[in-house]
Amino acid sequence: MKKFEMRIEQWKKKIVDVSFLFFIILFTYAATSKLLIFETFHLQLEQSPFIGMISLPVAIILPGVLLVISFLFFITKFRLIAFYFSLALLIIFNIYILGVLIFAESIPCSCGGVINTFSWNEHLIFNIGCSLLALLGIALSYDLKTTNSRSSTGAVELNS
């Protein structure tokens, strides 16, 4: 039974590792692309009826937030917090996308690369998937953390 539990724990760790690597790549890519085309990014945000008035602060702050979250994923003790921040950011963006879909007629996308080709509906589906991945990362990180805490007290023992 211990070997089976050990394999499950190893799979959980691999899923968490792949998840946080995905978010590092996604957020670093998104921040970099926004910084490289800053003027275009800012102009597209200005056209949004929801954030047009605060487009410059958003254009400046958002890439920084994305990079900070990416950086937090590199530090093991802050990984769970990084997943929480990722989920919060994704929920905010999901609400924004829903607002665009429901209330806006036509707003240009300020994303870069492949994601730029997504429709707003596809953006929403992608972001919901990313939100679920962040939730999974939170749940598994918390589970691994509590399992490791129990193993240090002797209640459950895991061999790596």
Side-chain angles (χ1 to χ4, degrees), residues 10-149:
Q10 289 170 341
W11 274 104
K12 288 177 184 178
K13 184 169 178 354
K14 285 180 185 181
I15 292 169
V16 168
D17 290 348
V18 168
S19 299
F20 82 74
L21 287 173
F22 169 79
F23 283 116
I24 288 172
I25 292 167
L26 178 68
F27 290 164
T28 303
Y29 169 77
T32 304
S33 69
K34 287 171 183 5
L35 291 171
L36 289 174
I37 58 161
F38 183 81
E39 287 300 319
T40 304
F41 174 54
H42 176 237
L43 288 173
Q44 289 170 338
L45 288 177
E46 275 185 329
Q47 295 174 20
S48 170
F50 309 118
I51 56 175
M53 292 173 49
I54 58 168
S55 61
L56 185 58
V58 171
I60 294 169
I61 293 169
L62 183 60
V65 168
L66 292 168
L67 290 173
V68 167
I69 293 171
S70 296
F71 179 74
L72 289 174
F73 275 118
F74 281 105
I75 305 168
T76 305
K77 93 181 207 185
F78 293 121
R79 222 166 262 160
L80 183 59
I81 292 169
F83 274 121
Y84 277 113
F85 284 151
S86 299
L87 180 60
L89 190 63
L90 288 163
I91 288 171
I92 291 166
F93 193 49
N94 287 337
I95 292 168
Y96 173 77
I97 293 172
L98 283 171
V100 167
L101 288 171
I102 295 169
F103 301 110
E105 293 185 23
S106 177
I107 296 177
C109 176
S110 59
C111 301
V114 173
I115 296 173
N116 191 34
T117 63
F118 287 4
S119 69
W120 284 105
N121 286 322
E122 291 168 332
H123 269 287
L124 184 60
I125 292 167
F126 178 77
N127 272 43
I128 289 171
C130 290
S131 299
L132 293 173
L133 184 62
L135 273 173
L136 181 63
I138 290 167
L140 294 179
S141 294
Y142 181 75
D143 188 51
L144 288 168
K145 188 177 178 179
T146 56
T147 300
N148 288 335
S149 294

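Because the structure is a prediction, the values reported are computed rather than measured. The first residue in the sequence is number 1, and the count goes up from there.
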For this session: Enter the distance from L135:CG to L87:CG here, rounded to the nearest 0.5 Å.
Result: 4.5 Å

Exercise. Rounded to the nearest 0.5 Å, what separation is found between the NZ atom of K12 and the CG atom of D143?
Worked result: 3.5 Å

For this session: Could you tell me which non-hydrogen atom of T28 sits nearest to which non-hydrogen atom of I24, and how far apart they are?
Result: OG1-O, 2.7 Å

Exercise. What pair of heavy atoms forms the shortest contact from T117 to E122, and how long is it?
Worked result: O-OE1, 4.0 Å

Exercise. Rounded to the nearest 0.5 Å, what separation is found between the OG atom of S86 and the CZ atom of F22?
Worked result: 10.0 Å

For this session: Name the orientation class of the two ring planes belonging to H42 and F38 (parallel below 30°, tilted from 30 to 60°, perpendicular beyond 60°).
Result: parallel

For this session: Indicate yes or no: at least one non-hydrogen side-chain atom of F50 is less than 4.5 angstrom from one of V100.
Result: yes

Exercise. Are Y29 and T32 close enough that some pair of their side-chain heavy atoms sits under 4.5 Å apart?
Worked result: no

Problem set entry | Heavy-atom side-chain proximity of F23 to I69 below 4.5 angstrom | no

Exercise. So, S33 side chain and A30 main chain: donor-acceptor pair closer than 3.5 Å or not?
Worked result: yes

Exercise. Which one of L136, L89, L90 satisfies the side-chain contact (heavy atoms from CB on, under 4.5 Å) criterion with S131?
Worked result: L90

Exercise. If you measure from CD on E46 to CD on Q44, what distance do you get to the nearest 0.5 Å?
Worked result: 11.0 Å

Exercise. Would you say the side-chain atoms of S19 pair up with the backbone N or O of I15, donor to acceptor, closer than 3.5 Å?
Worked result: yes

For this session: Begin from the C-alpha positions of L124 and W120 and carry the test side chain to side chain contact (heavy atoms under 4.5 Å, CB included) through to its verdict.
Result: CA-CA 6 Å; L124 184 60; W120 284 105; over 6 Å; no

For this session: Can you measure from CG (L36) to CZ (F41) and round to the nearest 0.5 angstrom?
Result: 12.0 Å

For this session: Flag the pair F126 / I97 as yes when at least one side-chain heavy-atom distance between them is below 4.5 Å, and no otherwise.
Result: no

Exercise. Would you say the side chain of F83 lies within less than 4.5 Å of the side chain of V16, judging by non-hydrogen atoms?
Worked result: yes

Exercise. What distance separates F85 CZ from L72 CG, expressed to the nearest 0.5 Å?
Worked result: 6.5 Å

Exercise. Which word best sums up how the rings of F20 and F73 line up, parallel for under 30°, tilted for 30 to 60°, or perpendicular for over 60°?
Worked result: parallel

Problem set entry | side chain to side chain contact (heavy atoms under 4.5 Å, CB included) between F93 and C130, intermediate numbers included | CA-CA 11 Å; F93 193 49; C130 290; over 6 Å; no

Problem set entry | Those residues that, when tested against A31, pass side chain to side chain contact (heavy atoms under 4.5 Å, CB included) (two or more places apart) | P63, L66, L67

